[in-house]
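Here the structure is laid out as C-alpha cells; the discussion comes afterwards.
Just so we're on the same page: letters track the sequence lines, and every chain starts at 1. Owing to the predicted nature of the structure, the values given are computational and were not obtained by experimental measurement. We use all heavy atoms of the structure for the numbers below, so side chains are in, but hydrogens, waters and symmetry mates are not.
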Amino acid sequence: MERTLIGDVKAKIGETVKVQGWLQKLRDQKSMQFLILRDRTGLVQAAFWKKGDLELAEKISTLGTESALTVTGKVVENASVKLGGLEIQLETITVENNAEAPLPFEPFSSEALPALDFRQDWRYMDLRRTQNLLLFQAQTTLEMAMREYWTQNGFIEIHSPKIMGSPSESGAELFELTYFDRKAYLAQSPQFYKQMAMAAGFERVFEVGPVFRADPSFTSRHMTEFTGLDMEMSWIDSHEDVMSFLENWLAYAFQRVKDEHGEQIQEQFGKEMAVPSVPFPRVTMDEALNILAEVGYELPAEKKGDLDPGGERAVARYVKEKYDHDFVFLIDWPISVRPFYHMRHPDNPELTRSFDLIAGGLEITTGAQREHRYDVLRSQALEAGLSLEMTQYYLDFFRYGCPPHGGFGMGLSRLLMVMLGIENIRETVFLFRGPNRLNP
RNA sequence: GGGGGCGUGGUGUAGUUGGUUCAACAUGCGGCCCUGUCAAGGCCGAGAUCGCGGGUUCGAGUCCCGUCGUCCCCGCCA
C-alpha cells in the first residue's frame, strides 16, 4: 500500500490508508486507545478498540511517545474528533523504531522548553518541533527565491574553495589547519574569489556557502561557522547599484516566503511576515552620528567613525519611527573602519563607497564597490599595512582587465532572525557551531 | 580578550535575614482506575543530598573563596 501523507488523509474518507509518522500522544483508556500521529504534513488520530485484539492492544500500550510507526486503517468521518473531524480506525501497526521512555525532553509539551544548550545536545528531538520544521521550510523557500532572482538576472553560481593557502582578509580570525606538510586556513569569506570571478568576466556571480570565523564570541548573534549569502556584480557605477539590487532581491525573496508560509509563520512565531518596501532608507554615517546625538545616544569615544551595536540599534529605532522601515542602509563609512579593497569616494578620499544593511537593529550585511584599479588597490593595501607577499595573488586579479564591480555578504541566519523574530541565532541554524559547541 | 547573571529529581521552576520544608510544585516516567479520548481526568509510586572543591558557623541548597559549565553584554563581525 502506498503511503498517504497525513495532510492528505481527509481526501480519503472511506478508504483504507497507510500513514507513517511519529507517535505524538497515546491516550490509553480502558476500552479504547487513541494514537495521535504526526508526519511533516500534520496530525491525525488513530483509534483502536482494545477488545478487537487484546494482544495488539497490549503492544500499543507499550509504545513510547515519539516512536516511529506505520499504521494502516480505514479513514472515517467523526464529527466528535476535534482533530479534523476524522480518524483512522487502526487495523495494523508496525513499530519501525520504538522510542525509549522517558524522552530526554518532550518536544510537544505545553510546558516551558528546556534550556537552549540542553536542546542542542538533543537537537534532533528539538528539530521535531513544528516551529523548527517550519523554519527550515521557510529557509528553503527563501533560498530558492533568492536563487531564482539571481538567475533571472543573469547571475552565475560559484562554489569557491574553503581551504585556503593564505588569509583572505585580516588574518586575525582565521582557523588554521594542517594541510599535509604545511599550513592552510578555512575561508572566512569568499570575497577574493568572488572578485576573481569578476576578473574572469562572469560579470555577475553569487555563492551560498559556509564561512568560518575563529572569533571567540559569546553572543546571541555569532557563530564560528555560518552560511554566507554572497554576490558580486560588474559594470556598476557605485555602491548604489549594489544596494538597489540587494533591496529588490530581498523584497522578492521575502514576498515569496510570505506567500508560501506567511500564515504558518504568524501561527508559529506570532509574527506578521513583513515584506520591506523598496527602496530601503539610506543613512550616511555622518547623518547616523547626528541622529545619535539627537536621540542622546553616547558612542564610546574609541569608536570614532564607527557604530557600536547599541548605536546601530538606536539608528534603527530612529529610522523605524521616522520612516516606518525595518531596514536601513548605513552608507559612506570612513576608510579607517573599512577594509583596504573598498573603493573610496572620488570627491572625499576619507570615505568609502560602502554600506552595511541593518535589519531590526541587527547588522546583517556588509557591501561596497570594490577598488578595481590595480595601482590604487595596491597602494591602499600597503597603506593598510598588508604584506604584498600575502596579497599579490589577489592583486594580480586586477592586472588584465577587471571591470568596476561591487557586492555584498549577508549572514543567512541573521536574516532568518530578523525575518522570523528569533532572538538567538542558535535557534535559526540546523546545528550551531560556536567556541564551545562542536557537537553534535 | 573584558564585564555581568545563572547552576536544585529526566525537564521547567519554588525554596536565599542559614537551623523546626535536606527539599516542594509542574511536567515526564511506572502502576491502577476511567461514558470515545482529544491541553483528557482521578489515585498511588519511583526519581534530586541542591554543579564540584574548600571555607565561615554549633548548623548552609541558602554566606565567602576557588573551579567547572552555561547564558548575556562589550570587543569583533555576518
Euclidean distance for [atom1], [N] against [M] (whole angstrom):
N     : M     : atom1 : result
B:A48 : B:C34 : C1'   : 32 Å
B:G59 : B:G18 : P     : 15 Å
B:G66 : B:C29 : P     : 43 Å
B:G12 : B:G28 : P     : 15 Å
B:C6  : B:G47 : C1'   : 24 Å
B:C64 : B:U11 : P     : 26 Å
B:U62 : B:G51 : P     : 8 Å
B:G53 : B:C68 : P     : 15 Å

Only pairs with both distances under 3.5 Å count, Watson-Crick or wobble alike; so what is the partner of [N] in this structure?
N     : answer
B:G1  : B:C74
B:G30 : B:C44
B:G18 : none
B:C25 : B:G12

Scan side-chain atoms only and decide if [X] and [Y] contain a donor-acceptor pair under the 3.5 Å cut-off.
X        : Y        : answer
A:Glu91  : A:Thr72  : no
A:Tyr394 : A:Gln195 : yes
A:Glu207 : A:Tyr193 : no
A:Thr224 : A:Arg213 : no

Could you say whether the aromatic ring of A:Phe34 and the base of B:U37 stack, counting only centre distances under 5.5 Å and plane angles under 30°?
yes
A:Phe226 ring over B:A78 six-membered base ring, under 5.5 Å and 30°:
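Stacking is present between B:A78 and A:Phe226, given that their ring centres fall under 5.5 Å apart and the planes under 30°.
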Kindly say if [X] contacts the phosphate of [N], meaning a side-chain N or O under 4.0 Å from OP1 or OP2.
X        : N     : value
A:Arg437 : B:C71 : no
A:Lys50  : B:G36 : no
A:Arg426 : B:U70 : no

Matching residue for A:Asp332 among A:His239, A:Arg353, A:Arg282 - test: side-chain hydrogen bond (donor to acceptor under 3.5 Å, both in side chains)
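Option passing the side-chain hydrogen bond (donor to acceptor under 3.5 Å, both in side chains) with A:Asp332: A:His239.
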Report the residue (A:Leu357 or A:Phe432) whose heavy-atom-nearest nucleotide on RNA chain B is the more 5′ of the two.
A:Phe432
Aromatic ring pairing A:Phe280/A:Phe329, orientation class (parallel under 30°, perpendicular over 60°, tilted between):
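Plane angle under 30°, so parallel.
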When you measure from every atom of RNA chain B, which of residues 411-425 of chain A have a heavy atom less than 4.0 Å away?
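Heavy-atom contacts with RNA chain B come from A:Gly411, A:Arg414, A:Asn424, A:Ile425.
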Could you give me the CA-CA distance, side-chain angles and deciding distance for A:Asp28 and A:Lys50, then say whether salt bridge (charged side-chain N to carboxylate O under 4.0 Å, His left out) is met?
CA-CA 10 Å; A:Asp28 198 351; A:Lys50 286 177 154 180; 3.1 Å; yes
Does [X] reach a base, just sugar-phosphate, or nothing at all? Heavy atoms under 4.0 Å.
X        : answer
A:Ser220 : sugar-phosphate
A:Phe218 : base
A:Val81  : base

Evaluate ring pair (Phe, Tyr, Trp, His ring centres under 6.0 Å) for A:Trp249 paired with A:Phe206, printing each intermediate quantity in order.
CA-CA 12 Å; A:Trp249 165 81; A:Phe206 70 92; 9.2 Å; no
Whether each nucleotide of nucleotides 3-9 of chain B has a protein heavy atom under 4.0 Å at its base (B), only at its sugar-phosphate (S) or at neither (-) is summarised, 5' to 3', as -------
Any donor-acceptor N/O pair under 3.5 Å between B:G36 base and A:Glu87 side chain
yes
Considering only B:A39, B:C77, B:G28, which nucleotide approaches the side chain of A:Pro309 most closely?
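Of the options given, the side chain of A:Pro309 lies nearest B:C77.
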If you only use heavy atoms from C-beta on, which nucleotide in B:C73, B:C71, B:G36 is closest to the side chain of A:Thr219?
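Selected nucleotide: B:C73.
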